[in-house]
Amino acid sequence: MGVFEPLADLLLGACCPGCGAPGLGVCADCLAAVRPAPRVILDGPPPVVACLPYRAPLTSLVTAHKDRGAGWLCDLLGSWLAPGLAAVVEAAGSCPALVPLPSTPAAVRRRGADHVLDLLRAASVRCGLPREAVSPLLRRTRRVRDQVEVSHQERSGNQAGSMSAVRGEGPVVVVDDIRTTGASLDEAVRALTASGHDVLAALVLADAEHPRRWA
C-alpha cells in the first residue's frame, strides 16, 4: 500500500467498503476474494442462477452500494452479475425481457436510486445487450417491511400479494441482488406469471441460502 491511501483515509475518511482497509476504492484483497462462478439452484420452478455466495467481502460491498451511498460500486457489482446474465441469455437462445425486482418507493427515496435496476443495467451493458432489454414490468402494490427487518418465517407473508406486473407475454427473467429465503423472487414470479409472462429463470448476484455450493 502506498503513502497516498492511508493519507487519504486520514484526511478524507477513505477506506475500502469491503474490509475497511485505508485506501481509495475496493482494495486488491477484496477484489481477489470475489470470483463469480454462476451456479444453477433447482429449488423449484423457475431455476435460480446465482453468481456468487453471499459472504465477506461481498456482504459489506452490497450494503455499501445499497445503504451507504456508494453508487460508484454499481459498475463493479454489475460486472460480477454479468457472467450469470450472459449464461441465462445464451441458454434462452435470444435475449428475454430482463425484469428487475422493484425496490419499495420508500427505499428508492431513502437511497436516491433503485439499486437493482441500476445493477441490472450495468450488467446488461457489460454483456452488450440492448438498453430496451431491461424491462421494469413489476411494481409494488402495497407497503412491505424491509426483508432484513422480519424473520425468515415472516418473509413470505411480508411479500405475498405485494407486486403486480404489466400484462404481456413472452419469456422474461426476473433479477435481484441477493436471494435469502426466495420470498421476494417467489412473489415476483407469481405476479409476472399471473400477468401472462413466461418466467424462464431468476438471476441473482449472490445466494445467501446455499453458500456452500461455492465452498
Scan the side chains in residues 121-137 for donor-acceptor partners under 3.5 Å anywhere in the protein, sequence neighbours excluded, and list what turns up.
| unit_1 | atom_1 | unit_2 | atom_2 | d |
| --- | --- | --- | --- | --- |
| S124 | OG | L120 | O | 2.9 |

Hey, can you pull the donor-acceptor pairs under 3.5 Å for the side chains in residues 95-107, sequence neighbours left out?
| unit_1 | atom_1 | unit_2 | atom_2 | d |
| --- | --- | --- | --- | --- |
| S103 | OG | D114 | OD1 | 3.3 |
| T104 | OG1 | A107 | N | 3.1 |

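Side-chain atoms of V189 and P46, non-hydrogen and from C-beta on, do get closer than 4.5 Å to each other. R39 has its side chain out of reach of V49: every pair of non-hydrogen atoms, C-beta onward, lies at least 4.5 Å apart. Between V173 and V199, every side-chain heavy-atom pair lies at or beyond the 4.5 Å cut-off.
Residue Y54 is not grouped with residue V204 when hydrophobic side chains (ILVMFWY) are merged at heavy-atom distances under 4.5 angstrom, including chains of intermediate members. Residue L81 is not grouped with residue L138 when hydrophobic side chains (ILVMFWY) are merged at heavy-atom distances under 4.5 angstrom, including chains of intermediate members. Hydrophobic clustering (ILVMFWY, side-chain heavy atoms < 4.5 Å, transitive): V62 and L76 are in one cluster. Linking ILVMFWY side-chain heavy atoms closer than 4.5 Å, directly or via other members, places L73 and V34 in a single hydrophobic cluster. In the hydrophobic clustering of ILVMFWY residues, with side-chain heavy atoms under 4.5 Å counting as a link, L203 and V48 come out apart.
Atom CZ of R142 sits about 5.0 Å away from atom OG of S162, to the nearest 0.5 Å. Between atom OG1 of residue T180 and atom CD1 of residue I178 there is a gap of 9.0 Å, rounded to the nearest 0.5 Å. Note that CG of L192 is 10.5 Å distant from CG of D198, once rounded to the nearest 0.5 Å.
What you find for P36 and W80 is that their closest heavy atoms are CG-CD1, 3.5 Å. Between A165 and S195, the shortest heavy-atom distance links the atoms O-OG, 3.1 Å.
Annotation: salt bridge (charged side-chain N to carboxylate O under 4.0 Å, His left out) contacts involving residues 165-194, sequence neighbours excluded, comprise D43-R179, K66-D177, R179-D207, E187-R190. Applying the salt bridge (charged side-chain N to carboxylate O under 4.0 Å, His left out) definition to pairs two or more places apart or across chains, none involves residues 84-110. For residues 23-36, no residue pair satisfies the salt bridge (charged side-chain N to carboxylate O under 4.0 Å, His left out) rule, not counting sequence neighbours.
Between the side chain of S60 and the backbone N or O of C19 there is no donor-acceptor pair closer than 3.5 Å. Checking side-chain atoms of H65 against main-chain N and O of L119 turns up no donor-acceptor pair under 3.5 Å.
Through direct or indirect side-chain contacts shorter than 4.5 Å among Ile, Leu, Val, Met, Phe, Trp and Tyr, V116 is connected to no other residue. Counting Ile, Leu, Val, Met, Phe, Trp and Tyr side chains that sit under 4.5 Å apart, directly or through other members, V108 stands alone, with no cluster partners.
Contacts of A113 classified as side-chain contact (heavy atoms from CB on, under 4.5 Å), with partners at least two apart in sequence or in another chain: D118. Applying the side-chain hydrogen bond (donor to acceptor under 3.5 Å, both in side chains) rule to D67 yields the partners R111; only residues at least two apart in sequence or on another chain are considered. Every residue two or more places apart in sequence or in another chain was checked for a side-chain contact (heavy atoms from CB on, under 4.5 Å) with P45, and none qualifies.
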Would you please test R139 and M163 for side-chain contact (heavy atoms from CB on, under 4.5 Å) and show each step? CA-CA 6 Å; R139 69 179 181 89; M163 299 183 201; over 6 Å; no
side-chain contact (heavy atoms from CB on, under 4.5 Å), that's the test. Do L52 and L205 meet it? Break it down for me. CA-CA 6 Å; L52 290 159; L205 174 66; 4.1 Å; yes
